[in-house]
Amino acid sequence: MSAPENVSKNPEDGAEKHQYERAEFTHPPGFEEEVTSHELSLRGRKLTASLAFVAGAGFTLFGYDQGVMSALLTAGQFERVFPQVVVDTSLHNNHATLQSFVVAIYEIGCLVGALSNLWLGDRLGRRRTIVLGGCIMIVGAILQTASYSYAQLVVARIVTGLGNGLNTSTVPSYHAECSPAAKRGSLIMLEGSLITFGIMISYWIDFALYWASSSSAQWRVPIALQIVLALIMIFGIGFLPESPRWLVKHHRTAEAMAVISALEDRPPTDPEVQRTFHAIREAVAIEDFGYSDTDNEKDASQSRKRKRSPLKELFTGGRSQNFRRACLGIVNQCFQQITGINLITYYATILFQRLGLSDVNSRIIAAANGTEYFLASLIAIALIDRVGRRKLMLFGAVGQCLTMILLAVLGSVSGSGAQVVSSVLLFVFNSFFAVGWLGMTWLYPAEIVGLRIRAPANALSTASNWIFNFMVVMVTGPSFNNISWGTYIVFAALNAFIVPIVYFFFPETAGRSLEDMDVVFALAYNEGVSPVKVSLRKDIPLAGSPEADEILGIEPSARSSGRNSSESRRRTENTK
């Protein structure tokens with residue numbers, strides 16, 4: 001959870017800085033004993049691996065739920081129970097819309113679930129929100145498995161989406177808040193890879209059951225298997241600690257110190273553990289009392305009177321730049337969807353059938369496509385912390401744009417050769433997306449915003465993902481029926497639009513702690529320059545250092561006042 005050593009070149013970053021911290025930051029009597037009482041059995045790599053496993057189970061569930069409908073839409077037993085998904089323009093004109101609707105309505109449930117995190121996220125905490133989301137998904141999966149009518153299936157998919165919306169707006173934040181800065185990118189990108197892993201296994205299970213069963217088990221079993229993944233996630237989260245940043249925010253500082261110590265696998269007295277702990281506490285003090293947003297304000301009591309709710313904080317500027325940062329997360333999630341990836345994920349089997357493949361071959365190629373998608377996503381894990389976020393986003397957008405242009409050109413040409421190349425290009429598109437955008441939009445929004453607005457900002461950014469996901473999935477069926485290969489031109493233009501926006505407006509977050517990003521935006525505000533330029537500099541002081549405090553506008557007396565007030569509230573709550 002520490003920032004990289006090369007971020008700051010200030011001589012005080014060494015022993016003198018830690019001496020300053022030990023002298024400046026004091027704990028109330030009995031604090032060390034309380035920290036010891038909360039000591040965790042899982043520590044270091046074992047704890048990090050456990051966090052990755054549980055977060056990965058949540059995102060495997062997410063990917064599986066996305067991919068499972070792709071092959072089911074053309075499964076014979078599924079079509080018998082739900083004839084509304086059979087598209088035959090000679091018999092009915094509205095079934096393309098009904099087919100898209102039963103797929104896309106899931107995104108509406110996800111949207112509502114993500115938005116509910118505006119109120120639930122910080123109240124329940126990260127762990128309990130994930131458990132609630134998992135339980136709702138289990139209920140939704142049971143309802144889907146037991147469906148015997150189109151209307152019932154629609155309602156069941158909405159319920160499942162509610163739980164998934166809660167999870168996808170919480171799991172990335174939870175994992176990011178419990179990850180070291182140097183490894184955070186690769187750990188969250190691993191979640192993105194596990195989305196594709198879930199998609200891959202859903203395709204192969206659908207293919208296996210297509211041959212193995214002639215009953216409704218052909219589609220009911222794949223849907224029911226979601227329950228297993230949800231149970232793994234719910235059971236696993238019970239062995240993990242709460243986010244240390246959420247604990248500090250709710251004045252459970254001893255527990256937070258114990259969690260940081262366990263994550264770092266160092267004693268609580270270690271200077272690096274102390275620096276991380278105090279950087280988080282200062283971030284909370286700033287957000288609670290607004291020190292960084294007042295240029296001439298030195299009176300803590302006046303700042304406390306103007307304390308805003310997290311929702312109102314989303315619209316503030318000043319040193320915190322909350323509005324700008326929340327918008328970056330929202331736009332980032334929007335960009336993932338308008339690339340056109342779910343045109344392939346949800347309709348892979350149908351797309352390959354449109355290219356002239358038989359029913360069986362289209363399922364085999366769709367499963368192979370999902371497998372290649374997963375393997376390509378592993379590349380991003382190795383690159384994300386070495387190359388950085390911006391370069392991968394730009395690489396993905398340019399590659400996706402060119403691929404869509406080629407798909408449009410080949411779509412206008414008839415012949416088996418063009419169909420073969422088009423099939424290959426669908427693999428190529430997945431590869432560009434897997435490297436540049438798959439895990440990025442679950443990592444970047446969690447990194448770019450401050451602690452106080454992290455839960456509501458991630459709720460809104462995830463809601464953005466589901467809104468545009470719904471739009472893309474809903475229009476894909478009718479679009480191919482009406483403008484055919486022209487659909488690819490639309491997505492090529494959208495991918496081209498992404499490139500300059502990322503280049504000019506998206507700061508780099510690689511290698512910085514979550515609190516370091518507060519310093520980046522505050523320094524950009526103080527100097528009147530773009531946060532993008534500041535984020536690329538190597539001389540930014542670490543959060544928690546005296547230089548960072550000066551940039552953030554924290555007066556020593558104000559900092560002490562904020563800490564003392566926080567301790568007072570914590571002791572008051574503990575006596576209730």
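Starting from 1, each residue takes its place in the sequence as its number. Not measured: the values here are computed from a predicted model.
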| Where do Ser147 and Leu143 come nearest, in terms of heavy atoms and distance? | OG-O, 2.8 Å
| Using the benzene-type ring in the case of Trp, are the ring centres of Tyr444 and Phe506 under 6.0 Å apart? | yes
| remark: In short, Asn167 meets Met137 closest at the heavy-atom pair ND2-SD, 3.7 Å
| said: Is it the case that the side chains of Ser358 and Asn361 hold a donor-acceptor pair, with the cut-off being a distance below 3.5 Å and no angle test? | reply: yes
| note | salt bridge (Lys or Arg N to Asp or Glu O under 4.0 Å) filter on Arg184, not counting sequence neighbours, yields Glu447
| remark: On a heavy-atom basis, the closest approach of Pro507 and Val532 is N-CG2, 3.8 Å
| Is there a donor in the side chain of Thr170 and an acceptor in the side chain of Thr129, or the other way round, less than 3.5 Å apart? | no
| query | Any chance the side chains of Asn369 and Asn430 put a donor and an acceptor closer than 3.5 Å? | reply | yes
| request: State whether the side chain of Arg454 and the backbone N or O of Val449 hold a donor-acceptor pair below 3.5 Å, judged by distance alone. | output: yes
| message | Can you give me the closest heavy-atom contact between Leu438 and Gln336, atom names plus distance? | response | O-NE2, 3.0 Å
| Given side chains that start at C-beta, do those of Val54 and Ile130 come closer than 4.5 Å, heavy atoms only? | no
| So do Phe78 and Leu153 actually touch side chain to side chain, heavy atoms under 4.5 Å? | yes
| Donor-acceptor contact below 3.5 Å, side chain Gln218 vs main chain Gln77 | yes
| query | So which pairs with a foot in residues 397-413 pass side-chain hydrogen bond (donor to acceptor under 3.5 Å, both in side chains), sequence neighbours left out? | reply | Gln400-Asn495
| request: Examine Arg390 relative to Tyr503 and say whether NZ or CZ is less than 6.0 Å from the centre of the six-membered ring and inside a 45° cone about the ring axis. | output: yes
| said: Taking Arg126 first and then Glu177, would you say they form a salt bridge - that is, a charged N and a carboxylate O separated by under 4.0 Å? | reply: yes
| Would a distance-only check, ignoring hydrogens and angles, find a side-chain to backbone donor-acceptor pair under 3.5 Å from Asp385 to Ser186? | yes
| Distance in Å, Tyr488 OH paired with Ser422 OG, rounded so as to fall on 0.5 Å steps | 7.0 Å
| remark: Correct closest heavy-atom pair for Ala446 and Pro172 would be CB-O, 4.1 Å
| Non-hydrogen side-chain atoms of Ile205 and Tyr64 separated by less than 4.5 Å | yes
| query | Using the ring of each side chain (for Trp, its six-membered ring), is Tyr373 parallel, tilted or perpendicular to Phe433, with breaks at 30° and 60°? | reply | tilted
| query | Heavy atoms, side chains only, cut-off 4.5 Å: are Ser50 and Leu240 in contact? | reply | yes
| said: Under a 3.5 Å distance rule, please check whether Arg245 uses its side chain to pair with a backbone N or O of Cys178 as donor and acceptor. | reply: no
| note | Closest non-hydrogen contact found for Ile338 with Phe491 is O-CD2, 3.3 Å
| query | Can you tell if the side chain of Asn332 reaches within under 4.5 Å of the side chain of Phe335, non-hydrogen atoms only? | reply | no
| request: Find out whether Ser193 and Ile381 are in side-chain contact, i.e. whether some heavy atom of one side chain is under 4.5 Å from a heavy atom of the other. | output: yes
| query | So do Leu355 and Ile365 actually touch side chain to side chain, heavy atoms under 4.5 Å? | reply | no
| task | Taking Asn482 for its side chain and Pro478 for its backbone only, find out whether a donor-acceptor pair lies under 3.5 Å. | result | yes
| message | Any side-chain to backbone donor/acceptor pair from Ser464 onto Leu460? Under 3.5 Å, distance only. | response | no
| message | Determine whether the aromatic ring centres of residues Phe62 and Trp442 are separated by less than 6.0 angstrom. | response | yes
| Ring centres under 6.0 angstrom apart (Phe82, Tyr150) | no
| request: For residues Leu494 and Thr339, determine if any side-chain heavy atom of one lies less than 4.5 Å from a side-chain heavy atom of the other. | output: no
| said: Donor-acceptor check, side chain of Gln226 to backbone of Ile223, threshold 3.5 angstrom: yes or no? | reply: yes
| said: Could you check whether Asn458 and Ser169, counting side-chain N and O atoms only, form a donor-acceptor pair closer than 3.5 Å? | reply: no
